[in-house]
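Take a look at the structure set out below.
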Amino acid sequence: MLSHKHHTYHLVDMSPWPLTGSISAMMITTGLVKWFHQFNIDLLTLGLLTTMLTMVQWWRDITREGTFQGLHTKRVVSGLQWGMILFITSEVLFFFSFFWAFFHSSLSPTIELGACWPPTGVQPFNPFQIPLLNTAILLASGATVTWAHHALLESNHSQALQGLSVTVLLGLYFTALQAMEYYEAPFTIADSVYGSTFFVATGFHGLHVIIGSTFLSVCLYRMYMNHFSAKHHFGFEAAAWYWHFVDVVWLFLYISIYWWGS
């Protein structure tokens with residue numbers, strides 16, 4: 001069956017993008033080290049540029065395979081769904097490690113921290129100002145992406161576009177507010193374990209919001225180009241799953257780090 005031309009599996013053609021993506025990732029990490037130690041961003045800039053070029057061309061190839069060549073059969077889509085589920089599971093474990101570090105330090109603060117939490121000398125954010133607004137923004141974005149999904153299932157193209165457009169705008173708004181929050185922060189990543197856990201956990205979440213916003217932006221373009229139908233839209237479905245994961249992680253971050261931890 002596998003040798004038949006029209007089998008249900010997708011045998012991927014040889015592609016240069018995994019190699020260029022790996023090289024770009026290495027350039028970004030070494031470029032970050034160079035930036036931190038030598039204050040030179042040339043290698044980092046080159047790594048980000050090659051990563052963006054790889055992303056655009058890789059996504060172009062996958063869009064072509066799934067939309068125009070018909071290679072994403074039901075069996076292939078099932079494999080993609082399980083792949084996304086396992087990826088999100090790995091992301092859950094990734095953030096679990098940050099919460100573990102936070103609660104390990106906050107539930108039993110050492111004498112070096114002043115035997116209290118937040119540590120002596122650290123002024124935390126007011127959880128009922130920008131953090132609460134960001135919570136409302138992400139909850140609203142979860143509602144709008146669900147609106148877009150249901151509109152797509154009902155073949156309502158205009159409402160799907162509207163819902164997804166609002167979701168992308170809310171994601172960008174969240175990122176802008178978090179950048180402003182970081183700029184005005186009264187403590188730094190070097191201020192004891194509080195600063196380390198705060199900026200690493202919220203910073204990685206912010207990175208995931210940027211990735212999710214990019215994911216949804218690509219889906220918005222594809223939806224505008226009529227690449228999705230009510231029965232064939234896993235690219236958008238995967239983006240929606242990822243965005244809901246980002247929403248849930250933020251709720252745990254807000255409750256534990258911003259509210260309880262302050």
Whether the side chain of [X] engages the backbone of [Y] through a donor-acceptor N/O pair (distance < 3.5 Å, no angle test) should be reported.
{"X": "S141", "Y": "T167", "value": "no"}
{"X": "S196", "Y": "I189", "value": "yes"}
{"X": "Q178", "Y": "F174", "value": "no"}
{"X": "S262", "Y": "W259", "value": "yes"}

- With no hydrogens and no angle check, do the side chains of N156 and S158 hold a donor and an acceptor under 3.5 Å apart?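 Note: N156 and S158 side chains meet the donor-acceptor criterion.
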As an exercise, state the distance from [atom1] of [X] to [atom2] of [Y], rounded to the nearest 0.5 Å.
{"X": "L216", "Y": "I211", "atom1": "CG", "atom2": "CD1", "answer": "12.0 Å"}
{"X": "W59", "Y": "T54", "atom1": "CH2", "atom2": "OG1", "answer": "10.5 Å"}
{"X": "F245", "Y": "T89", "atom1": "CZ", "atom2": "OG1", "answer": "9.5 Å"}
{"X": "L177", "Y": "I137", "atom1": "CG", "atom2": "CD1", "answer": "4.5 Å"}
{"X": "L153", "Y": "E237", "atom1": "CG", "atom2": "CD", "answer": "7.5 Å"}
{"X": "I88", "Y": "H244", "atom1": "CD1", "atom2": "NE2", "answer": "10.0 Å"}

In this structure, is the centre-to-centre distance between the rings of [Y] and [X] below 6.0 Å?
{"X": "H205", "Y": "Y254", "result": "no"}
{"X": "F215", "Y": "W243", "result": "no"}
{"X": "F204", "Y": "F98", "result": "yes"}
{"X": "W250", "Y": "Y258", "result": "yes"}

Can you name the ring-ring contact (aromatic ring centres under 6.0 Å, His included) partners of F199, sequence neighbours left out?
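So F199 forms a ring-ring contact (aromatic ring centres under 6.0 Å, His included) with Y182, F187.
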Under the ring-ring contact (aromatic ring centres under 6.0 Å, His included) rule, collect the residues that match up with Y224, sequence neighbours excluded.
->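 By the ring-ring contact (aromatic ring centres under 6.0 Å, His included) rule, Y224 matches no residue at all.
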Nearest heavy atoms of [X] and [Y], plus distance in Å:
{"X": "F99", "Y": "S256", "result": "CE2-OG, 3.3 Å"}
{"X": "A148", "Y": "G163", "result": "CB-C, 3.9 Å"}
{"X": "L220", "Y": "S165", "result": "CD1-OG, 3.5 Å"}
{"X": "V168", "Y": "S217", "result": "CG1-OG, 3.5 Å"}
{"X": "S22", "Y": "P18", "result": "OG-O, 2.8 Å"}
{"X": "A239", "Y": "C219", "result": "CB-SG, 3.8 Å"}

With sequence neighbours excluded, what pairs up with S213 under the side chain to side chain donor-acceptor pair (under 3.5 Å) test?
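Per chain and number, S213 pairs via side chain to side chain donor-acceptor pair (under 3.5 Å) with no residue.
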Can you list, pair by pair, the side-chain donor-acceptor contacts under 3.5 Å of residues 76-87, counting residues two or more places apart and other chains?
none

*asked:* Classify the ring geometry of F198 against Y194: parallel below 30°, tilted from 30° to 60°, perpendicular beyond 60°.
replied: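 Answer is parallel, since the angle falls under 30°.
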With M225 via side-chain contact (heavy atoms from CB on, under 4.5 Å) - residues at least two apart: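 Result, side-chain contact (heavy atoms from CB on, under 4.5 Å) vs M225: Y221, H227.
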With a sphere of 6.0 Å drawn around [atom1] of [X], does it hold more than 12 non-hydrogen atoms of other residues, nucleotides or ligands?
{"X": "H232", "atom1": "NE2", "value": "yes"}
{"X": "M52", "atom1": "CE", "value": "no"}
{"X": "W241", "atom1": "CH2", "value": "yes"}

Please write out which residues are connected to [X] in a hydrophobic cluster, directly or through intermediates, given that two of Ile, Leu, Val, Met, Phe, Trp, Tyr count as joined at side-chain heavy-atom separations below 4.5 angstrom.
{"X": "L139", "answer": "L251"}
{"X": "W58", "answer": "W17, I62"}
{"X": "F39", "answer": "none"}

- Task: For the residue pair L32 and F36, establish whether any side-chain heavy-atom pair is separated by less than 4.5 Å.
- Result: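 Counting from C-beta outward, L32 and F36 do come under 4.5 Å.
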- Same cluster or not: are M26 and W35 linked, directly or through other Ile, Leu, Val, Met, Phe, Trp or Tyr residues, by side-chain heavy atoms under 4.5 angstrom apart?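 M26 does not cluster with W35.
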Requested in this report: Sort and list the pairs that fulfil ring-ring contact (aromatic ring centres under 6.0 Å, His included) and have at least one residue in residues 145-168, not counting sequence neighbours.
Outcome: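 Every pair satisfying ring-ring contact (aromatic ring centres under 6.0 Å, His included) with a residue in residues 145-168: H149-H233, H149-F236.
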List, one per line, each side-chain donor-acceptor pair under 3.5 Å for residues 107-125, sequence neighbours excluded.
from: T110; atom 1: OG1; to: E112; atom 2: OE1; distance (Å): 3.1
from: W117; atom 1: NE1; to: G261; atom 2: O; distance (Å): 3.4

Could you give the side-chain donor-acceptor pairs of residues 40-50 under 3.5 Å, partners two or more places apart or in another chain?
from: N40; atom 1: OD1; to: D42; atom 2: N; distance (Å): 2.9
from: T45; atom 1: OG1; to: I41; atom 2: O; distance (Å): 2.7
from: T50; atom 1: OG1; to: S24; atom 2: OG; distance (Å): 2.9
from: T50; atom 1: OG1; to: L46; atom 2: O; distance (Å): 3.1
from: T50; atom 1: OG1; to: G47; atom 2: O; distance (Å): 3.0

Residues in salt bridge (charged side-chain N to carboxylate O under 4.0 Å, His left out) with R60, at least two apart?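 Listed in chain order: nothing, the list is empty.
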Verdict with supporting geometry, W260 and F103, ring-ring contact (aromatic ring centres under 6.0 Å, His included):
CA-CA 11 Å; W260 181 85; F103 284 111; 5.7 Å; yes
